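Here the structure is laid out as structure tokens; the discussion comes afterwards.
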Amino acid sequence: VAKNPSINNNYEYIGKIPLLNSSTKSLPPKVYSYIEECASLCCPKDIFICDGSDTEYEHLLNFLEKNGTISPLPKYENCWLARTNPADVARVEKRTFISTECKRDTIPIPREGVTGELGNWISPKDMDKAILERFPGCMKDRTMYVIPFSMGPVGSSFSKIGIEITDSAYVVCCMRIMTRIGKKVLETLGNDDFVKCLHSVGVPKRDSKIEINSSWPCDPERTIILHRPDKNEIVSYGSGYGGNSLLGKKCFALRIGSTIAKDEGWLAEHMLILAITDPKGRKRYITAAFPSACGKTNLAMLKPTLPGYKIECVGDDIAWMRFDQEGRLRAINPENGFFGVAPGTNCITNPNAMKTIFKNTIFTNVAATSDGGVFWEGMEEEISDDVEITDWRGKKWTRGSKTPAAHPNSRFCTPIKECPVIDPDWEDSAGVPIDVILFGGRRPEGIPLIYQARNWQHGVFIGASMRSEATAAAEHTDKVIMHDPFAMRPFFGYNFGHYLNHWLSMTEVKNAKLPAIFHVNWFRKNADGKYLWPGFGENSRVLDWILRRIDGEDVAVDSAVGLLPKLGSFNLENLSKDVNMEELFSLPKSFWEKEVCHLREYFDMQVGDDLPAAIREELELLACNVDKL
Ligand code: GTP
Ligand code: SPV
Ligand code: MN
């Protein structure tokens with residue numbers, strides 16, 4: 001990035017490696033040792049300590065542009081397009097591991113002969129081996145960046161600090177958007193402990209079969225994402241993409257976060273946080289756990305179609321929650337940006353996102369237009385017919401082409417502060433009080449638009465039973481329905497059975513005012529494969545029913561699966577399309593019989609002895625109810 005240090009003798013050194021831009025005096029001793037340790041392993045050409053300033057950001061963008069990693073998007077203000085290697089486009093769940101001495105601390109032991117689907121365990125010895133096979137010398141000829149970052153507002157008692165060390169300037173730029181980085185973080189940290197996050201895009205072996213371009217170095221064949229919860233340590237190799245490389249996000253805030261949360265008595269969840277103000281002016285906060293690419297960003301900044309409602313956004317992906325002295329569950333969004341799915345976003349589906357993302361944004365793997373803008377599936381009405389389109393791989397693309405213009409997991413990376421509907425209290429260090437928790441997924445069949453859990457235990461069972469169609473957010477290629485309990489399957493930092501016990505134990509918190517729990521499904525389809533529910537802004541009707549329900553209105557009726565809206569209680573006034581409500585809320589017996597079978601098999605095969613009795617009890621109750629349908 002900077003000048004050649006060999007012609008300047010004024011550089012300080014860490015070990016034998018020149019420190020480009022800072023003084024070792026500004027580094028707390030523990031940070032210094034961590035840098036020294038990583039530098040001696042990775043052998044970078046120099047070291048750059050990120051201060052988070054605008055000048056630094058410009059400098060890095062400039063470097064990335066020269067290197068061909070990003071190109072400017074002159075149609076907008078300070079926006080950039082990055083194209084990745086086509087082999088590095090999503091999270092890689094199969095290559096993600098948690099390391100503990102005892103395997104069962106990480107994952108439930110599956111039934112003999114069955115492959116575990118609730119995370120991957122690696123022994124500490126094998127983790128060390130995996131590191132030594134990949135990291136020595138991996139940053140040769142590259143700069144090693146040191147990013148001090150805070151998850152949560154700097155200095156808040158909820159917040160936690162990490163140091164990410166990476167050889168990717170793209171990662172630095174995205175971390176600057178997604179978290180709070182720089183000098184202030186180091187000052188706040190002092191000589192306290194921090195979460196150690198080491199990342200390298202890697203160097204492929206000589207005989208690698210994957211074509212690697214210098215604009216997006218990576219090593220897809222040897223990519224590995226490792227976590228050591230007992231040492232608060234993350235090591236990620238081989239990928240520059242999203243959840244694999246922005247280590248504050250899924251690795252820290254969810255995997256390491258959930259293990260810290262378990263020990264300290266709180267919750268780290270894959271959830272959006274929104275504020276909703278009803279026509280009477282009452283404001284409430286809702287969190288929602290939907291699997292990756294299943295609608296969190298869209299709900300978090302929804303523009304209600306129901307008059308009189310207002311929605312404000314606190315966060316779109318991660319919630320850290322704990323009960324306060326009064327027994328209120330309080331949540332913060334530990335992030336500072338949105339790393340949102342681009343395809344499907346437009347002025348009809350998500351107008352607030354469209355107002356957010358055309359300033360100070362790094363787009364990754366979207367298509368480009370000849371007038372210096374971006375394009376993706378769903379943006380057809382937003383661009384003029386005469387612009388030419390270049391697809392995410394950099395090839396000419398024509399309308400009607402068989403391959404998508406934007407990669408289905410293409411993303412925008414945008415500062416939260418650009419969002420026009422950000423909640424004024426979004427950075428409140430005490431967190432916002434949560435009244436409602438939603439679970440949901442992509443369920444083309446059988447699952448009604450909305451139902452409510454009868455109580456906390458039933459709600460935890462509903463979270464545990466979540467299933468959803470696979471999406472492009474990870475490496476799964478076909479659209480199979482996968483189990484994704486709590487939308488956390490890829491993100492559990494410890495044994496799912498223990499996680500369930502932790503959730504169940506919230507009833508024991510003194511004075512706990514437990515939020516009401518609901519399950520939603522925007523994605524049910526009819527026999528022609530068309531969505532039954534218009535979704536997006538119309539989802540405000542579902543939120544309206546939820547609020548009236550928690551306000552004690554007589555709007556619910558019990559069913560086999562939980563509480564459903566009473567006939568006629570749902571506000572359908574001026575609904576944008578004809579909806580077959582009967583079909584949308586039906587509970588087909590044969591479907592639910594199969595669902596119960598799937599759940600029973602999953603709990604038996606995957607969770608086994610670690611399944612809490614309370615969850616088993618709820619399953620048997622459901623089975624019994626379904627029998628009577
Ligand atoms: P991650 O960032 O991967 O965790 O995803 P997310 O949960 O934030 O999902 P997001 O809101 O980005 O939505 C993913 C896709 O689902 C987008 O293409 C949306 O357009 C689409 N989507 C979101 N809400 C709805 C809805 O109510 N109905 C329909 N049909 N599609 C929706
Ligand atoms: C998800 O997959 O849930 C995301 C995107 O939010 S990533 O940061 O890649 O994990
Ligand atoms: Mn997510």
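When a ligand or atom number is given, it counts from 1 through the structure's own listing order. Positions are given from 1 along the sequence. Nothing here was measured: the structure is a model prediction, and the numbers come from that model.
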Determine, step by step, whether Phe338 and Glu418 satisfy the side chain to side chain contact (heavy atoms under 4.5 Å, CB included) criterion, reporting the C-alpha distance in whole Å, the side-chain angles of both residues, the deciding distance to 0.1 Å, and the verdict. CA-CA 10 Å; Phe338 303 121; Glu418 302 297 347; over 6 Å; no
Go through the steps to decide whether Phe290 and Val520 satisfy the test side chain to side chain contact (heavy atoms under 4.5 Å, CB included), and finish with yes or no. CA-CA 9 Å; Phe290 309 154; Val520 298; 3.6 Å; yes
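Using a 4.5 Å heavy-atom threshold, the side chains of Arg91 and Thr96 count as separate. In this structure the side chain of Leu500 reaches within 4.5 angstrom of the side chain of Phe486, judged on heavy atoms. Looking only at side-chain heavy atoms (C-beta outward), Met271 and Ile437 come within less than 4.5 Å of each other. Pro448 places a side-chain heavy atom less than 4.5 Å from the side chain of Leu587. Contact check for Val341 versus Arg411: side-chain heavy atoms found under the 4.5 Å cut-off. At a threshold of 4.5 Å between non-hydrogen side-chain atoms, the residues Trp80 and Leu64 do not count as touching. Within the 4.5 Å cutoff, the side chain of Thr471 has heavy atoms near those of the Cys294 side chain.
Around ligand 1 you find His270, Pro291, Ser292, Ala293, Cys294, Gly295, Lys296, Thr297, Asn298, Asp317, Phe339, Val341, Pro343, Gly344, Arg411, Arg442, Trp522, Phe523, Tyr531, Gly535, Phe536, Asn539, each with a heavy-atom distance below 4.0 Å.
Between Phe158 and Trp266, the distance separating the two ring centers is not shorter than 6.0 angstrom.
Atoms of the protein (N, O or S only) found under 2.8 Å from the Mn ion (ligand 3) are Lys250 NZ, His270 NE2, Asp317 OD1.
Taking the charged nitrogens against the carboxylate oxygens, Glu93 and Arg489 do have a contact shorter than 4.0 Å, which makes a salt bridge.
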Show the short N or O contacts, below 3.5 Å, that ligand 2 makes with protein N or O atoms; if there are none, say 'none'.
unit_1   : atom_1 : unit_2 : atom_2 : d
ligand 2 : 2 (O)  : Arg91  : NE     : 3.1
ligand 2 : 2 (O)  : Arg91  : NH2    : 3.0
ligand 2 : 2 (O)  : Ser292 : OG     : 3.0
ligand 2 : 3 (O)  : Lys250 : NZ     : 2.5
ligand 2 : 3 (O)  : His270 : NE2    : 3.3
ligand 2 : 3 (O)  : Ser292 : OG     : 2.5
ligand 2 : 6 (O)  : Lys250 : NZ     : 2.7
ligand 2 : 6 (O)  : Asp317 : OD1    : 3.4
ligand 2 : 6 (O)  : Asp317 : OD2    : 3.4
ligand 2 : 8 (O)  : Gly243 : N      : 3.2
ligand 2 : 9 (O)  : Gly243 : N      : 2.9
ligand 2 : 10 (O) : Arg91  : NE     : 2.9
ligand 2 : 10 (O) : Lys250 : NZ     : 3.3

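A salt bridge (charged side-chain N to carboxylate O under 4.0 Å, His left out) with Arg284 holds for exactly one of Asp423, Asp435, Asp278; it is Asp278.
Residue pairs meeting the side-chain hydrogen bond (donor to acceptor under 3.5 Å, both in side chains) criterion with at least one partner in residues 519-529, sequence neighbours excluded, are Arg524-Ser586.
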